[in-house]
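Right, one structure below, let's go through it.
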Number of protein chains: 2
Amino acid sequence: MDLDDRKKKILLAIIKTYLDTGEPVGSRTISKIDGLSLSSATIRNEMADLVDMGYILQPHTSAGRIPSDKGYRFYVDQLMAEKEQEIVERERETDEMKDMLIEKADKMERLLKQVAKSLSVNTNYAAMISAPQYHMNRLKFIQLSRMEQNRIVAVIVVEGNMIKNQIIDVEEPIDDETLLKLNMLLNTTLNGMAIEDINLSIIARMKQQAGEQAGIIAEVIDAVAESIKADEDLEIYTSGANNIFKYPELADNQKASEIITAFEEKKQLTDLVYETLSHSDEHGIQVYIGEESPVPNMKDCSVVTATYELDEGIHGTIGIIGPKRMDYDKVLSTIKKLTNELDSMFKKG
Amino acid sequence: MDLDDRKKKILLAIIKTYLDTGEPVGSRTISKIDGLSLSSATIRNEMADLVDMGYILQPHTSAGRIPSDKGYRFYVDQLMAEKEQEIVERERETDEMKDMLIEKADKMERLLKQVAKSLSVNTNYAAMISAPQYHMNRLKFIQLSRMEQNRIVAVIVVEGNMIKNQIIDVEEPIDDETLLKLNMLLNTTLNGMAIEDINLSIIARMKQQAGEQAGIIAEVIDAVAESIKADEDLEIYTSGANNIFKYPELADNQKASEIITAFEEKKQLTDLVYETLSHSDEHGIQVYIGEESPVPNMKDCSVVTATYELDEGIHGTIGIIGPKRMDYDKVLSTIKKLTNELDSMFKKG
DNA sequence: TGTTAGCACTCTAGCGAGTCGAGTGCTAAC
DNA sequence: GTTAGCACTCGACTCGCTAGAGTGCTAACA
């Protein structure tokens, strides 16, 4: 059987209506609202076909139909295609969200929290945003300073001006001169390098160059490596989890608990972020419907994700989590606008 | 009317039973389990009195009784008095929680998250912990390093080894010598000072000492002050919010949403922390029952909080949020153990 | 005078029958 | 191929009933 033009129209009508009302939609409803001017009986016949083809479901014999995951998928693909068009055609207009974002975003963390908040408030769904992934990132600056006798603090700045700190306890006291030398060594060797490229041979070379301070430099470099790695569990900020209670189909005990759990244990969101990043073809917006989601706990939701770019090769992920019958249209535009906003922001400052 | 000994016993029996079962308890139940050997009729008479006195409630005529907030309060006060005794009598025993905590707690943030997690897992309630309040804290170390031409990074370490960073953009380039001088000046002047004590006169004096670099030092100090102040919104880590779904009386839509919201918008928890800190007489454990809670959204819960001490005058707050019929006994011991654990940990390392 | 047995009463939870109405599937006519 | 019509299905809701837990009150008892 084929998904001919009329079937498509009917399917879209069903889905749109269901997005609005959240209730199974019957043949009469469609026959009325639709521009097709077909009787309910005809619609019924078509609907029966659509059920056979798996695009819609019938909760029970005498209820209307609701979209299946496959149905949603069809709808979203349709929508995304349109969006693509739209984006090309229209100039990016200024956006009220922007002001809100800029306002007090002097620190990355605060900015991200604000973005998450803004997203959840604007959409009425739950939102998340991951801090940019520094995986591919370059070291910009390393500085060791003595804090106490046997204790130095390492400050590591990576591209994008994210700062990491690490306190290092050393066996024997370090004198000023050694510290200076070490700083020189670290900076000349490592500056501009991608973190991933710092391999054993480079470390070995540095140890060699450190000469008699090889012991100390080993300690320091280990600590620095540790610190860089330690932060690998990426930060994720969430907001608006309570929004799920606005949607009856998610608000039941079992499901709500699952979703909240996913939000709390950032681990699950981390998977989502990696999945998104790995699939992203520059600003690729991804829509996961129900079981498609990389996060099992969100099998009753739809998840829309997008990638933003902080700097060459430094990406982060934005996500919106809501019911399957979310307002995809709105969510897609919102998220698209936002990523654009972020990108242009980062490129400037 | 007076709360005589027998009434007390009956009241306690009612509350304990209710904590176990979560269901209204009738007179027959009490007459059986209790060591009082009274008939259900007598119990009924007493119960009627207890209702009059406001210690218990009757959901409807033919149901058993459940504790009122006042009843819980009586119970908790009783319990706390006993605890006080216990703690004095018994030596602090080693605790399996300790191992779990120490394990990988090389960073404060990670430690706190772990504590929260450990608490929520151990108790089956929701848990929160606030980062220590640095309000009263002393500066331990300041270091400015040049990162780029016109950009320096300030590293500020406060007692307890919390590190803060701030990137400072300066108008005109700073040379090495000036930077060294500034570092000296900052450290000699500010080290060991409580952050609160850094007032205008001290800053003025520093500017004077800086001589021709007064302009730069103003910038720097402003930035440092900014950075210290900026972090004043205290960090709060939460865990186990999903636990509330385990308790039917909290799991309904409305209430769950409120609680989750409180957990998400850390603002509300912040209030709780301040309230707790202001009332704390060293390790004071606080129990807020229902409406007593400083957080309106938690009016259907009980909240148990305690204060831990990281260092002289540096306090943080631990909290457990659960249903009113929480296992106060267990929660109180757990939280007491934990604060002790934290204290001894911090005093060592 | 405090305690207890007994009994009528109250109220909820749960069950089953009955009804309503939305929606279907099928057939026959257009 | 489309539509009108009609019997049928099935969940949601209502109503009445019952069982059972628990109460409050009274009267008897120690």
Side-chain angles (χ1 to χ4, degrees), chain A residues 1-11 13-15 17-18 20-68 71 248-249 251-252, chain B residues 1-11 13-15 17-18 20-68 71 248-249 251-252:
Chain A
M1 199 158 4
D2 209 29
L3 198 59
D4 61 29
D5 208 50
R6 194 170 74 178
K7 281 198 175 58
K8 276 185 195 171
K9 276 185 185 152
I10 291 172
L11 178 53
I14 292 171
I15 296 180
T17 311
Y18 184 72
D20 261 11
T21 63
E23 290 186 349
V25 3
S27 54
R28 242 177 78 84
T29 319
I30 297 298
S31 80
K32 268 194 233 157
I33 63 159
D34 200 14
L36 286 174
S37 59
L38 289 172
S39 77
S40 62
T42 312
I43 304 281
R44 275 203 291 285
N45 289 332
E46 296 289 36
M47 277 171 142
D49 289 351
L50 286 170
V51 169
D52 287 344
M53 296 162 77
Y55 286 103
I56 50 181
L57 300 172
Q58 203 169 8
H60 51 264
T61 344
S62 74
R65 313 299 216 278
I66 63 174
S68 67
E249 67 266 46
D252 90 273
Chain B
M1 198 161 3
D2 208 30
L3 198 59
D4 61 28
D5 207 51
R6 194 169 76 179
K7 281 197 175 57
K8 276 186 195 171
K9 276 187 186 151
I10 291 172
L11 176 54
I14 292 170
I15 296 180
T17 311
Y18 184 73
D20 261 11
T21 64
E23 290 186 350
V25 3
S27 54
R28 241 177 79 82
T29 319
I30 297 296
S31 79
K32 268 194 231 157
I33 63 158
D34 200 14
L36 287 172
S37 56
L38 290 172
S39 79
S40 63
T42 312
I43 304 281
R44 274 204 292 284
N45 289 331
E46 296 287 37
M47 276 170 142
D49 290 350
L50 287 170
V51 169
D52 286 344
M53 296 162 77
Y55 286 103
I56 51 181
L57 300 172
Q58 203 168 10
H60 53 263
T61 344
S62 74
R65 313 299 216 278
I66 62 173
S68 67
E249 66 267 45
D252 91 272

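Proteins get letters first, then strands, A, B, ... in listed order; numbering begins at 1 in each. Source: prediction; values computed, not measured.
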Handout entry: Short side-chain to backbone donor-acceptor contact, A:Ser27 and A:Ile43, under 3.5 Å
Key = no

Problem - Between C:dT1 (P) and B:Asp4 (CG): distance, integer Å - result: 17 Å

Exercise for the section: Nearest whole angstrom, please: distance from the C1' of C:dT24 to the CG of A:Leu57. Expected result: 16 Å

Exercise for the section: State the pairing partner of C:dT10; accept Watson-Crick or G-U wobble contacts with both distances under 3.5 Å, and report none otherwise. Expected result: D:dA21

Practice task
Decide side-chain contact (heavy atoms from CB on, under 4.5 Å) for A:Thr17 and A:Glu23; before the verdict, give the C-alpha distance in whole Å, the side-chain angles of both, and the deciding distance to 0.1 Å.
Solution key: CA-CA 8 Å; A:Thr17 311; A:Glu23 290 186 349; over 6 Å; no

Handout entry: Distance test, side-chain N/O of A:Gln58 to OP1/OP2 of C:dG23, below 4.0 Å
Key = no

Practice task
Hunt down the Watson-Crick or G-U wobble partner of C:dA17, both distances under 3.5 Å, from any strand shown, or write none.
Solution key: D:dT14

Problem - Out of D:dT3, C:dT24, C:dT3, whichever nucleotide has its closest atom nearest the side chain of B:Thr42 - result: C:dT3

Problem - Shortest non-hydrogen contact from B:Pro67 toward B:Ile56 - result: CA-CG2, 4.1 Å

Exercise for the section: Look at all strands and tell whether A:Thr61 reaches a base, only sugar-phosphate, or nothing, counting heavy atoms closer than 4.0 Å. Expected result: sugar-phosphate

Exercise for the section: Examine C:dG25: is either OP1 or OP2 under 4.0 Å from a nitrogen or oxygen in the side chain of A:Arg65? Give yes or no. Expected result: yes

Exercise for the section: May I have the distance from B:Arg44 (atom CZ) to C:dG2 (atom P), rounded to whole angstrom? Expected result: 18 Å

Handout entry: A:Asp4 bridged to A:Lys8 by N-O distance under 4.0 Å
Key = no

Problem - Selection from D:dT23, D:dT2, C:dA22 that lies nearest to any side-chain heavy atom of A:Ser62 - result: C:dA22

Handout entry: Donor-acceptor pair present, A:Arg28 side chain and C:dG21 base, under 3.5 Å
Key = no

Problem - Integer-rounded Å distance: C:dG25 C1' and A:Met47 CE - result: 13 Å

Handout entry: Rounded distance in Å - CD1 (A:Ile10) to C1' (D:dG1)
Key = 13 Å

Exercise for the section: Identify whether any heavy atom of B:Ser40 sits under 4.0 Å from a base atom; if not, whether one sits that close to sugar-phosphate; answer base, sugar-phosphate or nothing. Expected result: nothing

Problem - Length of the line joining B:His60:NE2 and D:dG22:P, which is rounded to integer Å - result: 10 Å

Handout entry: B:Ser68 side chain vs B:Leu57 backbone, donor-acceptor pair below 3.5 Å
Key = no

Handout entry: Spacing of B:Ile30 atom CD1 relative to D:dA21 atom C1', expressed in whole Å
Key = 15 Å

Completion exercise
To the nearest angstrom, the CG-C1' distance between B:Leu38 and D:dA30 comes to 15 Å

Problem - Pair partner, C:dA29 [Watson-Crick or wobble, under 3.5 Å] - result: D:dT2

